[in-house]
Structures are given as C-alpha cells and as structure tokens.
K.L.:
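Got a structure for you, written out below as structure tokens; questions coming shortly.
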Amino acid sequence: MTSSTAALVELGPDDARFPAWCGVWAASERADRPGQTPRPAADHVALGRQLVAPGGSRDGTHRAALVGDDVAGALRLILPLRDNPSMAVVDLAVHPDHRRRGVGRALHAEALRLAAAHGRTTLVADVDEPGEGAPGRRFASALGWTCDLEETRRDLLLPADEARLSAVEADARERSAGYHVLTWRDRTPEDLLGDRALLEQRMSTDAPHGDLPVEEERWDGARIREYEAGHVARGRTVLSAGAVVEGRLVAFTDLQVVLDQPERAHQGGTLVLREHRGHRLGALVKAAVLRRLAAELPEVRRVSTYNAETNTPMVAVNEALGFVPAGRLSCWSLRLG
Ligand SMILES: CC(C)(COP(=O)(O)OP(=O)(O)OC[C@H]1O[C@@H](n2cnc3c(N)ncnc32)[C@H](O)[C@@H]1OP(=O)(O)O)[C@@H](O)C(=O)NCCC(=O)NCCS
C-alpha cells in the first residue's frame with residue numbers, strides 16, 4: 001500500500017478547483033451506490049456559500065487533498081453557531097481512484113486539527129451504507145470513532161399504492177377528529193412560523209439519537225426562514241404538511257426534492273408534539289404530503305427516509321405506507337483530547 005503524499009489546501013466554493021472537489025463526492029457516491037444519481041455540484045456550491053457567509057447559524061470550511069494536480073479527496077467541516085458549541089460535523093470523501101493510500105487519514109487529521117482550533121471537542125459524522133462492508137464504516141472504526149446510532153433507509157416507490165394510502169388516511173382521519181391538515185411549499189405560513197420553530201427544536205431532542213453527543217438545538221422563526229431560503233438556494237423544493245388544532249401547528253412533515261433530479265424525494269423531519277401523540281397525526285401528515293407530491297411533482301419515482309429501528313411508531317407509519325428497506329445510515333462520533 002502506497003502512503004499518501006497528498007497536499008491539503010483550503011478552498012472556497014468560488015475556487016477554480018471547487019468543481020473538481022464536487023467531482024470527488026460524485027465519483028465517490030457513484031462507486032458506493034451505483035444506479036443512484038449523485039448529489040449535484042450546485043448543491044455543494046450553494047451549501048458552501050451558506051457556510052462561508054457571515055451571519056448564518058452554521059460556519060464551515062473546506063479542504064481539498066491534492067495528489068499532483070488531481071483533487072483526490074474532499075473535506076467539509078461544519079460548525080454549529082447557535083447551539084452545540086463543542087461539536088463539529090465532518091463530511092469526508094476520497095475519490096475511488098485514490099482510496100487506501102492514506103488520503104482519508106490525512107483529511108481526517110486535518111479535520112481534528114481544525115475542530116480543535118475552533119474549540120470543538122466532539123466530532124460527528126454520518127456514513128451511508130448501501131450494503132455490508134461499506135468503506136466508511138471500516139474507516140471510522142479504524143480511526144477510533146464510535147457508532148452511536150444506526151438508521152435503516154426505507155424507500156417508497158411511486159406512484160404510491162392507492163388502496164394502502166387511502167386505508168392509512170381513513171384510519172388517521174378516524175383517530176384525529178378536531179385536527180385539520182394543511183400543506184405548503186417552501187415557506188411556512190407566517191402565522192405558524194413560531195410553532196414550526198418549536199417543532200424543529202423538538203426534533204433535536206425527541207427523534208431517537210442513540211448515544212450521539214448532540215445537544216438541543218435552538219430554533220426560532222428567523223432560523224426557519226434561513227433554513228427555507230437555504231433549500232431554495234440549493235435548488236431544492238420542500239413540500240410540507242402539518243396538523244393544526246386551535247390555530248396551533250402541532251405536527252409536521254417535510255419532503256425535499258432536488259429540482260434537477262426530481263426522480264427522488266428525500267424525507268426531511270417528521271414530528272408530532274408529545275402532548276398530541278396517539279391521534280395518528282404522523283400518518284395524517286405523511287399521507288397529505290404524498291398527495292401533494294403526486295399532484296405537483298408526479299415525476300418523483302421514489303421517496304427515501306431514514307429511521308432508527310427503535311422509532312417504532314415512525315417505522316410503523318412508513319411500513320403501512322409501503323416503504324421497504326434499502327440500506328443503512330450510521331451516525332458516528334469521536335471525542336477529542
Ligand atoms: C471512507 C473513505 C473516506 C476512506 O478513504 P481512504 O483514503 O481510502 O482511507 P485511508 O487510505 O486513509 O484509510 C485509513 C484506514 O481506514 C481503513 N479503511 C479505509 N477503507 C477501507 C476499506 N475499504 N476496507 C477496509 N478498511 C478500510 C483502513 O484501516 C485504512 O488503513 P490501512 O489502509 O492502513 O489499512 C473513502 O472510502 C470514502 O470516501 N468513502 C465514501 C464516503 C465516506 O464514507 N466517508 C466517511 C464518512 S464522513
């Protein structure tokens with residue numbers, strides 16, 4: 001095995017080498033998940049701009065590993081600013097042509113150095129695992145990380161089975177008298193913004209996090225607007241459904257679609273406030289957003305969602321709707337010092 005002689009350079013989203021940096025992610029995703037369209041470069045560029053712009057809720061920095069003139073590896077480090085002050089999120093990929101030569105190890109050492117320089121003591125990272133033996137899992141284990149949470153990816157093929165969807169809706173309606181459901185696209189209605197922020201904050205504590213060292217996030221209406229604008233800037237549209245009682249939004253679900261790649265929708269958050277559970281509101285909002293998706297974006301062929309297996313109520317809703325297992329996502333952490 002040859003060891004890496006990669007040079008590490010900082011680069012921003014407007015750097016001439018940034019397209020090659022984005023190309024590392026695309027090549028990496030193609031190698032690990034053939035048959036699935038990789039995340040578009042424009043998404044990395046827009047996210048990169050958000051992370052380096054002042055005033056946002058997250059900072060970020062990018063490094064490229066160069067082997068000769070080739071960008072062989074990519075690192076993005078994200079630093080939350082409004083909460084989780086000791087945490088840094090690591091995203092790291094190595095081009096398949098340059099793997100097993102220490103490029104990943106070099107970028108990892110750089111991530112540790114940068115995190116420490118920003119006063120961060122805990123690193124977290126996600127590893128996509130389409131099948132057994134994913135390189136990311138081997139890499140994270142070899143470098144001393146701990147797997148804190150495993151989620152199953154489930155996919156629903158569209159168009160959804162009408163009989164199933166109607167049965168889920170009928171059951172949900174029967175159990176949710178007094179609540180009404182509404183949908184929106186890209187922008188939460190102004191009068192529900194504060195409630196939407198509370199729901200997002202609860203996502204950070206109520207969705208199963210396993211042993212992940214994450215603290216409660218701080219959300220307000222302004223941060224929801226930043227989040228929404230961020231999706232639009234990244235070329236995505238977000239379809240949402242919510243349940244309302246006495247004028248308060250008490251449940252929501254989001255589906256994100258990359259407009260250039262409309263064949264697949266990604267499930268964002270879904271949450272029912274604790275005090276409103278037991279009324280099938282999760283099923284109600286998920287069915288509603290699938291109806292709106294079919295009406296507005298019929299070109300979407302698949303919805304992907306990730307859940308911890310311990311999240312029995314959410315998994316049950318997804319299975320009732322017809323979602324089937326399609327791989328895993330694991331969440332890892334490393335404590336510094
Ligand atoms: C994971 C990844 C970054 C590794 O990059 P790399 O440059 O090949 O990693 P390195 O050569 O520095 O490997 C470091 C150690 O990790 C382990 N490792 C890495 N890939 C491995 C694999 N395919 N099988 C077994 N062990 C592996 C080994 O212990 C290796 O040390 P060794 O080569 O001395 O045995 C790369 O495979 C990748 O981009 N995967 C997809 C994205 C991803 O999962 N990123 C990690 C989560 S943020």
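Start at 1 and go down the list; that is how both ligands and their atoms are numbered. All of these numbers come straight from a predicted model, not from anything done at the bench.
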K.L.:
Are R196 and F252 in a cation-pi setup, meaning NZ or CZ lies under 6.0 angstrom from the ring centre and within 45 degrees of the ring axis?
P.N.:
yes
K.L.:
Should R101 be counted as touching ligand 1, given the test is an N or O pair under 3.5 Å?
P.N.:
yes
K.L.:
Considering non-hydrogen atoms only, spot the tightest contact between A283 and V168 and give its length.
P.N.:
CB-CG1, 3.8 Å
K.L.:
Just one of V272, N307, L271 clears the side-chain contact (heavy atoms from CB on, under 4.5 Å) bar with M314, so which one?
P.N.:
N307
K.L.:
Report yes if some N/O of G104 lies less than 3.5 Å from some N/O of ligand 1; otherwise report no.
P.N.:
yes
K.L.:
Considering the heavy atoms of G102, write down every atom of ligand 1 situated less than 4.0 Å from one of them.
P.N.:
10 (P), 11 (O), 12 (O)
K.L.:
Need the ligand 1 atom indices (1-based, order shown) with element for anything under 4.0 Å from a heavy-atom of D32.
P.N.:
40 (N), 41 (C)
K.L.:
Check the side chains of S330 and E151 for a donor-acceptor pair under 3.5 angstrom, ignoring hydrogens and angles.
P.N.:
no
K.L.:
Distance-only criterion, 3.5 Å: show the donor-acceptor pairs between side-chain atoms of residues 22-30 and protein atoms not counting sequence neighbours.
P.N.:
{"residue": "S28", "atom": "OG", "partner": "R99", "partner atom": "NH2", "Å": "2.8"}
{"residue": "E29", "atom": "OE1", "partner": "R39", "partner atom": "N", "Å": "2.9"}

K.L.:
Identify which of R99, H108, E129, R138 has a heavy atom lying nearest to atom 38 (C) of ligand 1.
P.N.:
R99
K.L.:
Within the structure, does V90 bring an N/O atom to less than 3.5 angstrom of an N/O atom in ligand 1?
P.N.:
no
K.L.:
Can you list the ligand 1 atoms lying under 4.0 Å from a non-hydrogen atom of G136?
P.N.:
1 (C), 44 (O)
K.L.:
Charged N to carboxylate O under 4.0 angstrom, E150 versus R137?
P.N.:
yes
K.L.:
Under 6.0 Å between ring centres: does that hold for W219 and Y227?
P.N.:
yes
K.L.:
Quick one: which ligand 1 atoms are inside 4.0 Å of a heavy atom on V103?
P.N.:
7 (O), 12 (O)
K.L.:
Taking only heavy atoms of A93 into account, list the atoms of ligand 1 that are under 4.0 Å away from them.
P.N.:
39 (O)
K.L.:
Is L92 in polar range of ligand 1, meaning some N or O pair under 3.5 Å apart?
P.N.:
yes
K.L.:
Kindly indicate, with the supporting measurements, whether the criterion side chain to side chain contact (heavy atoms under 4.5 Å, CB included) is fulfilled by R63 and V9.
P.N.:
CA-CA 5 Å; R63 295 290 181 280; V9 294; over 6 Å; no
K.L.:
Can you check side-chain hydrogen bond (donor to acceptor under 3.5 Å, both in side chains) on S204 and E200, steps first, answer last?
P.N.:
CA-CA 7 Å; S204 69; E200 198 62 46; over 6 Å; no
K.L.:
Heavy atoms only: which of R105, H95, R100 is nearest to atom 34 (O) of ligand 1?
P.N.:
R105
K.L.:
Which of the atoms of ligand 1 are close to D126, meaning less than 4.0 Å from one of its heavy atoms?
P.N.:
47 (C), 48 (S)
K.L.:
Does the residue L143 have a heavy-atom contact with ligand 1, meaning some pair of atoms that are separated by less than 4.0 Å?
P.N.:
no
K.L.:
Backbone, side chain, both or neither: what part of V127 comes under 4.0 angstrom of ligand 1, heavy atoms only?
P.N.:
side chain
K.L.:
Within a distance under 4.0 Å of any heavy atom of A142, pick out the atoms of ligand 1 and give their elements.
P.N.:
16 (O), 17 (C), 29 (O)
K.L.:
Is it true that E216 and T205 share a donor-acceptor pair across their side chains at a distance under 3.5 Å?
P.N.:
no
